[in-house]
There are 2 protein chains.
Amino acid sequence: MPTSPIAVPTDFETLRTTIVEQRATLPKRLMQVAAYALDHPDEIAFGTTASIAAAASVQPSTLVRFAQHFGLDGFSGLQQIFQARLRGRTASYEDRLRQLESAGAAETESGTILKGFIGAAHQSLDALSAAIEPEKLEQAVDILARAETIYLIARRRSFPVVTSMAYALGKLKIRCQVVSSAAGNDDDLLEQAGPRDAAFAVSFAPYAPESAAQARALADRGIPVVALTDSALSPLAGIAQVWFELMEADHAGFRSLSASLAFAMALTVSVAERRRQL
Amino acid sequence: MPTSPIAVPTDFETLRTTIVEQRATLPKRLMQVAAYALDHPDEIAFGTTASIAAAASVQPSTLVRFAQHFGLDGFSGLQQIFQARLRGRTASYEDRLRQLESAGAAETESGTILKGFIGAAHQSLDALSAAIEPEKLEQAVDILARAETIYLIARRRSFPVVTSMAYALGKLKIRCQVVSSAAGNDDDLLEQAGPRDAAFAVSFAPYAPESAAQARALADRGIPVVALTDSALSPLAGIAQVWFELMEADHAGFRSLSASLAFAMALTVSVAERRRQL
DNA sequence: GACCTAGTGGAATACCTGTTCCAGAAATGG
DNA sequence: CCATTTCTGGAACAGGTATTCCACTAGGTC
């Protein structure tokens, strides 16, 4: 049942573009398969109809139909295309990167900058895995897992850390409140916080005074505060019940938040996991 | 029947060296398999016992014996090692983390989760540096550097990416506008955009329809759009003048934004740098 | 030279594979 | 609104899978 009037794809790139072209007209389930296939090409190459179908939340027969939709005989034909893509690709990732570096002598400026930030992020992550003490992390998870509502405090550069946490917490059905509203009712919000709640505050130099003030206000009222900051000299260090020091490596004076976000996500998921056990 | 007293190999390199070490003492037929396997690793990864046995002039059962000789359960275990070698999922980081685990004895659950996210972030960064084409990056920088105002479009999970960009752009005195206000005046904001402006849109699956709609509205009026998304099937791919595909590795079904933020910062700083030269 | 052990070939098997088929659901068009 | 086409889920099936098992061979040892 080759729907397409054009030739059937025989290599991965052709298949890929064909899929993208038909994006609009593809039936729902076939679309699901298309998305999964392009996102997890290795799984298609190595998996079985059963395993792939399960991973893509689809029936095995749908995989066959998907392949036939593009003029192939069946799933096996599709799989061969995905396998061919991997064949002969003997080089490991690291090897490939090395090749890119040596080959791509003519570096663009933006490419250099990107590599710089990628390098800085790698460094930050390594520092993170070395710096975090498991016991403190457990304590922090404990505090936040017991909280009815988690108040998230951050300004400026740290702000994205708490917004991404807020999104994830929301998905996990854990109540949280970002305290950084443009409406200016932050203090009203914080007054609603009670001793059964908890707060997570993030602040990097130059420390926003509001964040520290809000964290202190909560701490004074007996609400436990967990903090993420970049130095023992941070105002948060003296306020928080548990605090973590995380120094993002910088590139050209700018710091990205790669490690902070990895930490935030780990904290979030750990809290959710702990909650299930309570 | 694990002949070797040492641990069973779990990655290709270990297996390879183990085979080479035992070269002298290996029985004839197993030697035949060893030679074939090292010469045609792709065949082992993709073939079946029957096809490989025929190609190596050996019985299928010999393949099983070969695998068991190295302490593996059977041929399937052997095949998995050869498959992992070709998988984009670089075993290297996972292996390194596993080593850390075995060294660091008593693991806490949150510690394991953190390491998972750190590993995923490393992987994402590697994928980023392999995937980004310098020419496209230059084009994007060009577009954004010429813009009077940069409109930043993102929702939900992607939102932190643009807030961190907004912060950095502000520091760099580059005018920008986050189009995601709670006030609901997004469309009014977008109407102010003119052909001398530009937009940067971020959207990951499941794609927020508003983001695509806003990006399209701008594109239709001749305003160039640069996009960051996670799949060629993303609605943004068809809209943007230049778009980048960046797939964050996931841990336990959750994705952090480590690589996206590194990319965003690189783009921001590159744009600032380019502006100084204009 | 008989014995034993390690190695080998090949058939038997239980399981799982990709594929087909069809009833019914959903979408489409008049 | 119904008729018609397209799409989907699930069971059924034939073929191939990795594995096991056992008879047999080869090579070395007392």
Side-chain angles (χ1 to χ4, degrees), chain A residues 1-5 8-9 15 19 22-37 40-84, chain B residues 1-5 8 15 19 22-37 40-84 233:
Chain A
M1 207 179 297
T3 313
S4 67
V8 313
L15 176 61
I19 291 174
Q22 302 203 13
R23 177 181 17 158
T25 66
L26 229 44
K28 194 172 95 178
R29 287 289 124 93
L30 297 195
M31 188 65 212
Q32 231 172 295
V33 174
Y36 182 84
H40 309 85
D42 294 356
E43 293 303 319
I44 310 284
F46 292 120
T48 67
T49 45
S51 68
I52 297 167
S57 309
V58 148
Q59 290 287 333
S61 50
T62 306
L63 292 178
V64 178
R65 275 196 292 267
F66 178 79
Q68 289 171 342
H69 181 90
F70 292 98
L72 299 157
D73 281 347
F75 171 78
S76 305
L78 182 82
Q79 193 171 43
Q80 277 175 26
I81 294 179
F82 279 75
Q83 288 181 351
Chain B
M1 208 178 294
T3 312
S4 67
V8 311
L15 176 62
I19 291 176
Q22 302 203 12
R23 186 179 11 160
T25 65
L26 227 45
K28 195 172 92 176
R29 287 288 123 96
L30 297 196
M31 189 63 216
Q32 232 173 292
V33 175
Y36 182 84
H40 308 87
D42 291 359
E43 293 303 319
I44 309 284
F46 292 120
T48 67
T49 45
S51 68
I52 297 167
S57 310
V58 150
Q59 290 288 330
S61 50
T62 307
L63 293 179
V64 178
R65 275 197 292 268
F66 179 79
Q68 289 171 342
H69 181 89
F70 293 99
L72 298 159
D73 279 346
F75 172 76
S76 305
L78 183 81
Q79 193 172 43
Q80 276 175 25
I81 293 179
F82 279 74
Q83 289 182 352
L233 297 175

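A, B, ... follow the sequence lines: proteins, then strands. Residue 1 opens every chain.
- Here the nucleotide nearest the side chain of A:Val64, chosen from D:dT19, C:dT8, C:dT19, is C:dT19.
- Between the P atom of C:dT8 and the CG atom of B:Leu63 lies a distance of 12 Å, rounded to the nearest Å.
- B:Met31 places its CE atom 14 Å from the P atom of C:dG7, with the value rounded to the nearest Å.
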Report, one line per pair, each donor and acceptor closer than 3.5 Å where one atom sits in a side chain of residues 55-65 of chain A; sequence neighbours left out.
from, atom 1, to, atom 2, distance (Å)
A:Thr62, OG1, A:Gln59, O, 3.4
A:Thr62, OG1, A:Arg65, NH2, 3.4

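- Residue pairs meeting the ring pair (Phe, Tyr, Trp, His ring centres under 6.0 Å) criterion with at least one member in residues 45-67 of chain A, sequence neighbours excluded: A:Phe46-B:Phe46, A:Phe66-A:Phe70.
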Between the protein and nucleotides 10-17 of chain C, are there any N/O to N/O pairs under 3.5 Å, and if so, what are the atom names and distances?
from, atom 1, to, atom 2, distance (Å)
C:dG10, OP2, B:Gln59, NE2, 2.5
C:dG10, O6, B:Ser61, OG, 3.2

Self-check item: Evaluation steps, side chain to side chain contact (heavy atoms under 4.5 Å, CB included), between B:His40 and B:Ile52
Solution: CA-CA 10 Å; B:His40 308 87; B:Ile52 297 167; over 6 Å; no
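- Residues passing the side-chain hydrogen bond (donor to acceptor under 3.5 Å, both in side chains) test with B:Gln32 are B:Arg29, sequence neighbours excluded.
- What separates CD of A:Gln68 from P of D:dC7 is a distance of 13 Å, to the nearest Å.
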Kindly list each side-chain donor-acceptor pair under 3.5 angstrom involving residues 76-84 of chain B, sequence neighbours excluded, with atom names and distances?
from, atom 1, to, atom 2, distance (Å)
B:Gln79, NE2, B:Ile44, O, 3.1
B:Gln79, NE2, B:Ala45, O, 3.4
B:Gln79, NE2, B:Gly47, O, 2.7
B:Gln83, NE2, B:Ala45, O, 3.1

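- To the nearest angstrom, C1' of C:dA27 lies 12 Å from NZ of A:Lys28.
- Out of D:dT8, D:dT20, C:dT20, the shortest distance to the side chain of A:Pro27 is found at D:dT8.
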